[in-house]
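Reviewing the structure listed below.
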Amino acid sequence: MNINPFLVLLALLIGFALTWFLVVRKVVREVPILRPVSTGLDAAAGVAGVAGAAGGAGLVGAAASGHVDAPEVAPEVVTEVAHPVAAAPVYDWAHRLDAAEGQLAGASEVSEVSEVDEVDAAAPAVAVEASPVVDAAAGAVEYADPTPVASGVDYDAEWANEDTSVGLDLFDPEPANLIDDSDVIDEPAPVDAVEEPEPVVDAVEERVVAAAEPEVEVAPLPVAEASVAAGLVGAGAAAAVRRAASVPAPADGSSPEGYEVKGDSLAKLYLLDSDADFGRARADIWFTDESAAKDAGYAHYIRTPRPDAAARVAEPVVAAPVVAPVVAAAAVAPVAAPVQETLVDVPGDASAEEAVAAPYGPGSAVPKADGSGNERER
Amino acid sequence: MLEFIVPFIVYLLAFVVGSLLALLVVKQLYPASSEHEALADLARKGVN
């Protein structure tokens with residue numbers, strides 16, 4: 001009964017090594033991606049901080065004018081004020097699951113992908129009737145506000161943009177794209193004042209005079225003048241151009257006189273009368289012409305038919321009007337989205353039954369009428 | 001017979017102890033071993 005201590009140690013080491021490799025291999029296989037996705041979570045978790053930062057970033061004056069311009073909120077600010085945990089690296093798949101989880105639970109997650117013809121009318125309405133906090137936070141709050149999920153989600157676009165939109169889904173680094181133009185448009189428009197902007201010096205002098213001679217009654221500055229005085233000349237003028245060139249869509253869905261281009265303010269896309277999907281598209285803003293839409297930062301929506309569209313029996317779906325301009329560009333230029341082509345591709349011999357079961361590509365399913373996910377596909 | 005069994009069990013125990021040690025170390029190095037665990041982690045931290 002002689003026990004060799006070296007053999008005992010050897011057995012211990014072998015047990016350690018084998019278990020280590022097995023477990024680590026399993027862990028690595030199950031948790032393949034360890035890259036930080038803090039940007040997206042910043043927008044989701046640091047919402048309260050964003051509003052505070054907007055106020056603290058010198059926007060008080062602009063907010064007092066009743067008109068806040070997007071570029072005033074720097075993306076860095078948003079990142080810095082985010083939840084401290086969000087800055088730490090987290091697992092990518094946690095983000096990837098967001099959409100599916102939200103669909104299943106019927107959560108009030110902002111849907112970054114919407115179908116033009118099936119989007120619930122309540123979604124843009126909420127965006128338009130945003131609270132003043134939304135104005136102060138320059139759109140970042142808008143994304144985190146509980147907004148009804150659009151009734152349709154284009155899984156193609158979601159998966160196709162997976163690599164690039166981990167953060168972009170919830171947070172667009174370009175602040176201008178976070179602004180919902182419609183709330184700017186809804187404001188009473190002092191167009192004349194903006195078209196003939198009073199020089200900054202004059203505005204300041206007027207204020208000085210008012211301060212020096214309190215008995216002189218000075219009318220409060222119009223919004224546009226206040227913006228000019230606050231150094232927001234460029235952005236304010238751009239907003240004025242938008243006001244003149246676009247109108248919010250009437251509630252009855254009719255087209256306003258003289259406006260021929262449909263715009264989707266959520267997706268920042270526009271459709272021309274000659275587009276195939278023009279009739280089906282839901283507009284929440286109308287432009288006078290294409291150039292006006294482009295000036296407002298909208299991109300032309302062009303549906304790219306799937307290669308195997310003829311083989312599908314699924315209902316027609318308008319694909320990928322999405323929030324992020326990067327994504328929109330991918331939809332406009334099919335060459336720029338090779339990933340989408342790869343992911344949505346269904347084998348050529350796919351039967352009609354398979355096409356119905358997975359209309360958006362392998363593993364996809366048609367959402368239920370209430371927007372929730374298909375249990376079977378989970 | 002006993003002379004064979006006892007050392008065998010001792011070596012086996014050493015193997016098991018080594019395995020448990022490795023499990024503990026891995027658990028410390030990798031906070032989550034599955035998506036479910038990591039999501040639960042996120043929820044606990046208040047991120048998700």
Side-chain angles (χ1 to χ4, degrees), chain A residues 1-34 36-38 40-48 82-98 100-102 105 107 109 170, chain B:
Chain A
M1 208 166 53
N2 50 350
I3 298 172
N4 191 334
F6 294 105
L7 288 180
V8 172
L9 188 62
L10 183 64
L12 192 141
L13 287 177
I14 290 175
F16 185 96
L18 286 179
T19 308
W20 173 275
F21 288 123
L22 284 174
V23 172
V24 168
R25 183 163 168 258
K26 175 175 179 289
V27 167
V28 171
R29 190 175 63 242
E30 290 190 357
V31 188
I33 304 170
L34 290 170
V37 290
S38 56
L41 291 173
D42 286 345
V47 176
H83 194 284
V85 180
V90 292
Y91 303 109
D92 183 40
W93 35 256
H95 214 71
R96 275 193 294 176
L97 288 178
D98 274 356
E101 296 285 340
E109 179 183 348
L170 292 177
Chain B
M1 184 68 181
L2 198 65
E3 289 195 356
F4 171 76
I5 288 293
V6 171
F8 177 81
I9 290 177
V10 169
Y11 298 142
L12 194 63
L13 279 177
F15 184 92
V16 170
V17 168
S19 298
L20 291 177
L21 203 61
L23 278 174
L24 284 176
V25 173
V26 168
K27 203 70 179 173
Q28 290 297 316
L29 293 180
Y30 296 86
S33 62
S34 69
E35 294 185 5
H36 182 77
E37 282 183 31
L39 287 173
D41 263 356
L42 291 177
R44 272 199 299 274
K45 291 172 183 172
V47 175
N48 201 8

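In this text the structure is predicted, and so the values were computed from the model without any measurement. Lettering of chains follows the sequences in order, A, B, ..., and the numbering in each one begins at 1.
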**Asked** Do you know the tightest heavy-atom contact between Ala22(B) and Thr19(A)?
**Response** CB-CB, 3.9 Å

**Prompt:** Does Leu10(A) reach the side chain of Tyr11(B), with side-chain heavy atoms less than 4.5 Å apart?
**Reply:** no

**Message:** To the nearest 0.5 Å, what is the distance between CZ on Phe16(A) and CG on Leu20(B)?
**Reply:** 11.0 Å

**Prompt:** Does any heavy atom of chain B fall under 4.5 Å from the side chain of Leu13(A), the backbone, both, or neither of them?
**Reply:** neither

**Message:** Please find the pair of heavy atoms, one from Ser19(B) and one from Gly15(A), that lie closest to each other, and give the distance.
**Reply:** OG-O, 3.2 Å

